[in-house]
Amino acid sequence: MGKTLFDKIWDAHVVSKQAGYPDALFIDRHYIHEVTSPQAFDGLKKRGIGVFNTSRTTATADHNVPTKDQHLPIKEALSRHQVETLRKNCKEFGVELYDLGHPFQGIVHIIGPELGFTQPGMTIVCGDSHTSTHGAFGTIAFGIGTSEVEQVLATQCILQHKPKRMRIEINGALGKGVVAKDIILYIISKISASGATGYFVEYAGSTIESLSMEARMTICNMSIEMGARGGMIAPDETTFKYIKGRKFAPQGEAFDRAVVQWEQLKSDEDAEFDKVLAFDAADIAPMITYGTNPGMGIRVTDRIPTPEELKDISEKPSFIKSLDYMGLEPGSQLLGKNIDYVFIGSCTNARIEDLRMVASIVEGKKKADGVEVWIVPGSKQVEDQARKEGLDKIFEAAGFELRSPGCSACLGMNEDKIPAGKYCVSTSNRNFEGRQGPKSRTFLASPLSAAAAAITGKVTDVREWI
Amino acid sequence: MSKEKFSTLKSTAVPLPNENVDTDQIIPARFLKATTREGFGENLFRDWRFDSNNQPVSNFILNDPSFTGKILVAGKNFGCGSSREHAAWAIYDYGFRVVVSSFFADIFKNNALNNSLLPVVVSDAYLKSLLEAIQKNPSLEVVVDLENQSIEFGGNKESFEINPYKKSCLINGYDDIDYLLSLNEEIKEFDKQHA
Ligand code: SF4
């Protein structure tokens, strides 16, 4: 019987297999940031040990950083302390840090691929659940907790049980105005926020193959929102082209040799998956969420369901609580609903392609009165590129604010918070209660849909704007 | 490094029947700025426990003095969302030693196990009757026996699964790094070959 891509990579990284123990899995690349690393470094200090291999570790400051006046010291004392602690730890342990002001700084899952660190066939971890993003390159990449960050720093290994394998196939051409974010929101709405728990997902099919690397990253990024440990896509020409010439990727002949290896990275024809799902691209429309988990999504033209329409009746109390939090009526239409904020950013949708999408909708237009629009690029490089292409001018003319890179209102750890009770159309990945600020209300959508909402000030079907 | 050892726990329990409780609810992001592991219990379920004026929300279960104990009994898909280990620290720091649910999110489960917090997975039916029994009788005692992998209340017993390695770590107070450090030579060799 053949092997899945997941099995191939996993098996090639098992350092030790002992009966009764989880596998000791070697980690090729470890990304760290200021929020989930301080206690791990403390653990190393207590044990009196160093970082196993500093050249496999990359650090950046992203979760807590301001997106305005980044050159000034961070105002908020606790945030400043956390970033300073990262700085101290990286220096003491010899880890490369892309700090505020560095041309490579940015959201950890944006800079890894952008710098060429993320390469096919690797195992990658980070103390952040959206590490699944890197799976777009045909890697096993997953989020871990701080105790595990400490494990990887100390030993470059992690003890893990092999998850089950799921294959999700999407075939066919996408409709007008439908992009990667809609694909993944659609899948999650179909299988629920826990539908892939215990699994590692491989995405495949003609629709996936036709996508750019940026779009593939958006899809893999949100694998965790259906409970999956991670998501991956077999590397192909699109992948190799993206990697070629990037700063930390193999160069010249070494690159050609690497490609020969990478071309082997695919599931065998007869590989068996524990579960297989298939979707038709033609069924996908621009999507939007109405509730407080990413599985609560609808086509933008659909009605919000009623409790009676739920498949699983046990979910009724949570459903009612959720709509109550959102201030929405069951069975009502979301289309046309007034909104207050638009957030374009996060590791899901803050790459250059996302900013270009936004610009394509808003060029020559103005944002609606009373709507505040924040565009937070995923990295310094994305920001620089956007300025080079003149996107900043388009945004400015539309009344949007182009800020400096960081996680920002994706999780509201810095000062970028959506006020209580306000509605935000957001290109991020989580609509949990209070995620974007205490009592904030989030509608997750694609960059195209978010841009259209910024112009009309309402939940909008972007297809009318294309 | 040694951690608290776990064997058998007999305690009253706190019912939290909500489903899909995500780690942003367990500990909101704005409280993740600490650089130590302690003190997170204070902000456990912060936005459900306190209103915007920092007043306790009277109908939230943790503010109800009749429900106390070291066991949290929660609805399915507990701990989904962000990988923040701070969620497990907050639950532990608040005083819980066991979380019972019919379904846990993967990362949360690992994080709990790495912090001497035992996640006990029970059947949907058992969870339902346990929640009802506690709600009816807040002084009901629940017994969680890790050695025998069983949970029991009022004569109603169910066994639960736990990975044998993790079980021995909890019982002996070991952690994964102790084990991985013993593989140091093998790992070094692997690292060299995959440079
Ligand atoms: S952008 Fe949001 S989801 Fe991505 S790493 Fe930052 S906080 Fe996490």
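Proteins get letters first, then strands, A, B, ... in listed order; numbering begins at 1 in each. Because the structure is a prediction, the values reported are computed rather than measured.
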Proximal component of [X], with respect to chain A [non-hydrogen, under 4.5 Å]:
X: B/D106; value: both
X: B/E186; value: both
X: B/D176; value: both
X: B/D124; value: neither
X: B/Y179; value: side chain
X: B/L183; value: side chain
X: B/N111; value: side chain

Test item: A/Q160 side-chain N/O and A/P22 main-chain N/O as donor-acceptor pair under 3.5 Å: no

For B/F160, the option from B/V144, B/N148, B/D145 that meets side chain to side chain contact (heavy atoms under 4.5 Å, CB included): B/V144

A/E76, part contacting chain B, at a heavy-atom distance under 4.5 Å: side chain

Side chain / backbone / both / neither for A/N89 at chain B, heavy atoms under 4.5 Å: neither

Test log, rule side-chain contact (heavy atoms from CB on, under 4.5 Å), inputs A/F142 and A/I124: CA-CA 7 Å; A/F142 53 91; A/I124 298 175; over 6 Å; no

Axial cation check for B/Y92 ring with B/R97, 6.0 Å and 45° limits: yes

Quiz item: cation-pi between B/K76 and B/F103, 6.0 Å / 45°: no

Residues in residues 57-65 of chain B that sit under 4.5 Å from chain A, counting heavy atoms only: none

Residues of residues 11-23 of chain B within contact distance of chain A, non-hydrogen under 4.5 Å: B/N18, B/E19, B/N20, B/D22

Any donor-acceptor N or O pair under 3.5 Å, side chains A/T348, A/N221: yes

Under 3.5 Å side-chain donor-acceptor pair for A/Q156 and B/D191: no

Worked check of ring pair (Phe, Tyr, Trp, His ring centres under 6.0 Å) between B/Y126 and B/F153: CA-CA 10 Å; B/Y126 191 86; B/F153 68 95; 5.4 Å; yes

CA sep, side-chain torsions, deciding dist, call: A/K162, A/D23, salt bridge (Lys or Arg N to Asp or Glu O under 4.0 Å): CA-CA 8 Å; A/K162 213 177 192 179; A/D23 291 349; 5.9 Å; no

